[in-house]
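Protein chains get the first letters and strands the later ones, always in sequence-line order, with residue 1 at the start of each.
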Protein chains: 2
Amino acid sequence: MAMELDRCGITCIHEEAVEEVQKAMLGEDVAGSLAELFKALGDPTRVKILFALMTRELCVCDIALVIGVSESAVSHQLRVLRTMRLIKFRREGRILWYSLADSHVRGLFAQGLEHVTE
Amino acid sequence: MAMELDRCGITCIHEEAVEEVQKAMLGEDVAGSLAELFKALGDPTRVKILFALMTRELCVCDIALVIGVSESAVSHQLRVLRTMRLIKFRREGRILWYSLADSHVRGLFAQGLEHVTE
DNA sequence: GCCACATATGATCATCTGTTCATATATCAT
DNA sequence: ATGATATATGAACAGATGATCATATGTGGC
């Protein structure tokens, strides 16, 4: 919060490095949005839900069975995934079929898995 | 935790869907690792640190100045990024120069930014 | 040895997160 | 309308998280 850009007390500054990085730096808002997106992906339950949906669309109780958690827990997590526009759904009677919103999740998971399994 | 695969009480199962997804499903351990990775990326301070390091290597106090948080806070966050093998460092005297560990961060950020800014 | 500097670590604490349980909403069948 | 099913929502509570402050470690210079 305290942006002391006059660098009171800080001594080991490498000026050109700092300036160069400052220029390319992303804004507070974008950094926040990015962090929110990754935070949404940063939970085992949500990872499993998304991975399950990578195979095919599923209803809530199918997801609950596949990943082994309560339907209520799944529903709560589906909401945060929906909020982040990571998934979408279509209604068929009283059943809601959930699916991935776009291809970004696949890309992110692919990159993530590469890093994790190397 | 309670894997009731005999589906006591659960009625809206679509058997073939569940079986098909089960086959392709990732293991508990991999899901956990993936979630941990994304969780490490899921904080504004760490996002800013990583983004800063995308431009060039930096020492701790430069990072602190660039992103506007205390050096202690930076140091704490650098540890979680190190633990996830997202960054590495080299020593030069009493200064530690931090940099990205590999190219996965760039890929993840690129995908993430695409999703966020669409 | 001593001191200053650069960074790391540990404790504390307020805030956030995810599950559970209870309850509400919406849809279909009778 | 009534009841059953599929899902959503709200409250509550334990556990995790991130900044701060104080302290410790490691390095170089004297």
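A donor-acceptor pair under 3.5 Å is formed between the side chain of B/Lys88 and the backbone N or O of B/Leu100. Between the side chain of B/Asp62 and the main chain of A/His14, a donor-acceptor pair closer than 3.5 Å is present. A/Arg90 places no side-chain N or O within 3.5 Å of a backbone atom of A/Leu96 that could act as its donor or acceptor partner. Under a 3.5 Å cut-off, the side chain of A/Ser75 and the backbone N or O of A/Glu71 do not form any donor-acceptor pair. A distance-only check finds a donor-acceptor pair linking the side chain of B/Arg46 to the backbone of B/Lys39 [under 3.5 Å].
Between the CD atom of B/Glu36 and the P atom of D/dA16 there is a distance of 12 Å, rounded to whole Å. Distance CD1 (A/Ile87) to P (D/dT7): 12 Å, rounded to an integer number of Å. In this structure, B/Phe89 places its CZ atom 7 Å from P of C/dA8, rounding to the nearest Å. Here the P atom of nucleotide D/dA6 and the CG atom of A/Leu78 are 16 Å apart, to the nearest Å. When rounded to the nearest whole Å, the span between CG of A/Leu58 and C1' of D/dA6 equals 15 Å. Taking atom CD1 on B/Ile95 and atom C1' on D/dG26, their separation rounds to 14 Å, with Å as the unit. Computed from coordinates, the B/Glu92 CD to C/dT7 P distance equals 11 Å when rounded to whole Å. For B/Gln77 and C/dT7, the CD to P distance is 16 Å, given to the nearest whole Å.
Under the rule for a side chain to side chain donor-acceptor pair (under 3.5 Å), B/Arg91 has no partner lying at least two apart in sequence or in another chain.
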Taking only nitrogen or oxygen atoms into account, show me every contact under 3.5 Å that the protein makes with nucleotides 9-13 of chain D, one pair per line with its distance.
from	atom 1	to	atom 2	distance (Å)
D/dT9	O4	A/Ser72	OG	2.9
D/dG10	O6	A/His76	NE2	2.7

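Using cut-offs of 30° and 60° for the angle between ring planes, the B/His115 and A/His104 rings count as perpendicular.
Using a 4.5 Å cut-off between side-chain heavy atoms of Ile, Leu, Val, Met, Phe, Trp and Tyr, with links allowed through other members, A/Val69 and A/Val80 fall into different hydrophobic clusters.
Residues from residues 37-56 of chain A that place a heavy atom under 4.0 Å from any atom of DNA chain C, listed by number: A/Lys39, A/Asp43, A/Thr45, A/Arg46.
Looking at heavy-atom distances under 4.0 Å, B/Tyr98 makes contact with sugar-phosphate atoms alone, never a base.
In this structure, A/Phe109 CZ and A/Leu50 CG are separated by 4.5 Å, a value rounded to the nearest 0.5 Å.
You'll find that the side chain of B/Arg94 is closest to D/dT27, out of D/dT7, D/dA4, D/dT27.
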